[in-house]
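Structure, as structure tokens:
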Number of protein chains: 2
Amino acid sequence: MRGNRTLKDVERGIAGFYRDRRRMPTYSEAMVLLGVRSKSVVHFWVRKLLAAGVLEKDARGFLHPSRRAFGLPMVGDVAAGFPSPAEEELRDVISFDEYLITKPGTSFLLRVSGDSMIDEGIHPGDLVVIEKGREPKSGDIVIAEVDGEWTLKFFRRKGKDVFLEAANVKYPPIRARLELRVGGVVSAVIRKYPG
Amino acid sequence: MRGNRTLKDVERGIAGFYRDRRRMPTYSEAMVLLGVRSKSVVHFWVRKLLAAGVLEKDARGFLHPSRRAFGLPMVGDVAAGFPSPAEEELRDVISFDEYLITKPGTSFLLRVSGDSMIDEGIHPGDLVVIEKGREPKSGDIVIAEVDGEWTLKFFRRKGKDVFLEAANVKYPPIRARLELRVGGVVSAVIRKYPG
DNA sequence: TGACAAATAGAACGATCGTTCTATAATCGT
DNA sequence: ACGATTATAGAACGATCGTTCTATTTGTCA
């Protein structure tokens, strides 16, 4: 049982462990993970992963996955097409959690129902990230209570006039009779296509 | 320097450390983090975090953040409105990295330019997750090379007929002259609104 | 104000960590 | 075929980990 172990294999093993357990394996655990019986073998491969930039050591000497070990490479724009493996390495890596969760603790997720924001590209079934307790600016998309129902709308302010506007010609603008209950501001939209 | 330390404070400190360094702090490090001078104080708070479900111990006795420590709570749908703190605790928590990255290693990110998929709710500036090397099914959104340029289109197959279709009346369907170069299949769309 | 609980300090300790060393086995190039 | 290189094994070791214990200080409430 030898030789047939590539850097990618080891990386996948370690990365999988980290994904599942949210911590690095110890050398003893990595022995099992790699199917070897000596810590020095683990040490051997860890040094390779360090050199490859998959793992890093911090000031205290502790091992942790590097920034680019997780997340997806950001490779440019659609016009540029899809990347060659070479240039793929060079681009930045984005973790969605870092990218989308700017205010942990005050944000939450809703699944969109209804088509009131369809012209803004927010479809039924999409997920929206809501930041609660943020003061909406004119033009922000908010979740608001209208006629006892919660819905997504543009928040508009023109001088003293405050109203809600759908991104769908079917729905007329809405002015608050008494007060406008705004639950939060949409900070992101996520749509996942079934794989 | 005493007494004024809440569970939330400690949680934020530990969580912040984990976010930055991608590993748990040691007890010694947590002492500095919490501003205390004894490991037993750390132990004291760690037990509280364990009880609160913020941290967990695995079979080996190692500490790691729980699933619900990161990510955002999924609180239902828009019609249900925004949640009370109470029910917020009960719902599932979603990590975007887990949710969106189903095929690490074969996926990458592109920023959308152009409006060819605008009626599908994919706008210029949005991010799309591309799975490369996946065989597109009819109806999938793909990145494809058309007239030497890369663009997003629906992939359509009707019997023997294979063609690309925009989600925008401005663009007519496209049939491949020679071959259809498909770079990958869109598995998700992400749009972030400036905060 | 006094008693009790909550929070912090500090020291001691076994367990286990990651490193390093030497030695052996498989693979490759010529 | 054979030396050089790469990969694995196994043992030894100091460092540091997290736990536990006892003691002290601060806050709360009757």
Side-chain angles (χ1 to χ4, degrees), chain A residues 1-70, chain B residues 1-70:
Chain A
M1 193 76 65
R2 202 201 99 94
N4 48 356
R5 195 191 330 280
T6 73
L7 234 203
K8 268 287 171 206
D9 290 336
V10 180
E11 175 178 348
R12 264 192 289 271
I14 306 271
F17 187 101
Y18 185 87
R19 270 180 209 282
D20 289 348
R21 318 270 293 263
R22 291 182 286 282
R23 65 171 177 87
M24 289 296 285
T26 66
Y27 276 45
S28 316
E29 286 169 329
M31 282 167 56
V32 180
L33 220 59
L34 304 189
V36 299
R37 278 178 296 177
S38 171
K39 285 192 192 178
S40 60
V41 179
V42 175
H43 190 253
F44 173 86
W45 285 105
V46 163
R47 285 205 304 136
K48 294 217 163 192
L49 291 175
L50 285 169
V54 176
L55 300 181
E56 289 173 352
K57 279 193 180 182
D58 53 37
R60 298 266 333 254
F62 285 99
L63 226 49
H64 60 89
S66 73
R67 194 183 155 65
R68 55 151 276 233
F70 300 101
Chain B
M1 193 75 66
R2 203 201 99 97
N4 48 356
R5 195 190 330 280
T6 73
L7 235 201
K8 268 287 171 207
D9 290 335
V10 180
E11 176 179 349
R12 263 192 290 270
I14 306 271
F17 187 101
Y18 185 87
R19 271 180 210 281
D20 289 348
R21 317 271 292 262
R22 291 182 286 282
R23 65 172 176 85
M24 289 294 287
T26 67
Y27 276 46
S28 316
E29 287 168 328
M31 284 168 54
V32 180
L33 221 58
L34 305 189
V36 298
R37 278 178 296 178
S38 172
K39 285 192 193 180
S40 60
V41 180
V42 175
H43 190 253
F44 173 85
W45 285 104
V46 163
R47 284 206 307 136
K48 294 218 164 193
L49 290 175
L50 284 168
V54 177
L55 300 181
E56 290 173 351
K57 279 192 182 182
D58 53 38
R60 298 268 331 255
F62 285 99
L63 227 49
H64 60 89
S66 74
R67 195 182 153 65
R68 55 152 276 234
F70 301 102

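Because the structure is predicted, anything quoted here is derived from the model rather than measured. Chain identifiers are assigned alphabetically (A, B, ...) following the order of the sequence lines, protein sequences preceding nucleic acid strands; residue numbering begins at 1 within each chain. Just so it is clear, the values below take in all heavy atoms, side chains as well, and ignore hydrogens, waters and symmetry mates.
- Closest to the side chain of A:Val41, out of D:dT8, C:dC17, C:dG18, is D:dT8.
- Contact check, A:Arg60 against D:dC17: a side-chain N or O comes under 4.0 Å of OP1 or OP2.
- With A:Trp45 as the partner, the side chain to side chain contact (heavy atoms under 4.5 Å, CB included) test is satisfied by one option alone out of A:Val10, A:Leu50, A:Asp9: A:Val10.
- Rounded to an integer number of Å, the gap from B:Lys39 NZ to C:dA15 C1' is 12 Å.
- The OH atom of A:Tyr27 sits 15 Å away from the P atom of D:dT8 (whole-angstrom rounding).
- Nearest nucleotide to the side chain of B:Ser28, out of D:dA9, C:dT8, D:dC17: D:dC17.
- Minimum atom distance to the side chain of A:Val36 is reached by D:dA9, of the listed C:dC17, D:dG18, D:dA9.
- A:Leu33 places its CG atom 14 Å from the P atom of D:dT8, with the value rounded to the nearest Å.
- Comparing D:dA9, D:dT8, D:dT19 by their nearest atom to the side chain of A:Trp45 picks out D:dT8.
- The separation between B:Leu63 atom CG and C:dC17 atom C1' is 16 Å, rounded to whole Å.
- Residue A:Lys57 has a polar side-chain atom (N or O) positioned under 4.0 Å from OP1 or OP2 of C:dT19.
- Between B:Ser40 and B:Phe44, the residue whose closest nucleotide on DNA chain C is further toward the 5' end is B:Phe44.
- With rounding to the nearest 0.5 Å, the separation of CZ in B:Arg22 from OG in A:Ser66 is 6.5 Å.
- For B:Arg23, the side chain to side chain donor-acceptor pair (under 3.5 Å) partners two or more places apart in sequence, or in a different chain, are A:Asp58, B:Glu29.
- If you measure from atom CD of B:Glu56 to atom P of D:dG18, you get 17 Å, rounded to the nearest angstrom.
- When all heavy atoms of A:Val41 and A:Val36 are compared, the pair lying nearest together is CG1-CG1, 3.7 Å.
- Between A:His43 and the phosphate of C:dG18, there is no side-chain N or O to OP1/OP2 separation shorter than 4.0 Å.
- Summary of the strand contacts: A:Ser38 and A:Lys48 both lie near DNA chain D, and taking for each the nucleotide with the nearest heavy atom, the more 5' one is attributed to A:Lys48.
- For the residue pair A:Pro25 and A:Ala30, the shortest heavy atom distance occurs at CB-N, 4.2 Å.
- Rounded to a whole Å, the CZ atom of A:Arg37 is 5 Å from the P atom of D:dA9.
- Atom CZ of A:Arg47 is separated from atom P of C:dC21 by 11 Å (rounded to the nearest Å).
- Distance A:Leu34 CG to D:dT8 C1': 12 Å, rounded to the nearest Å.
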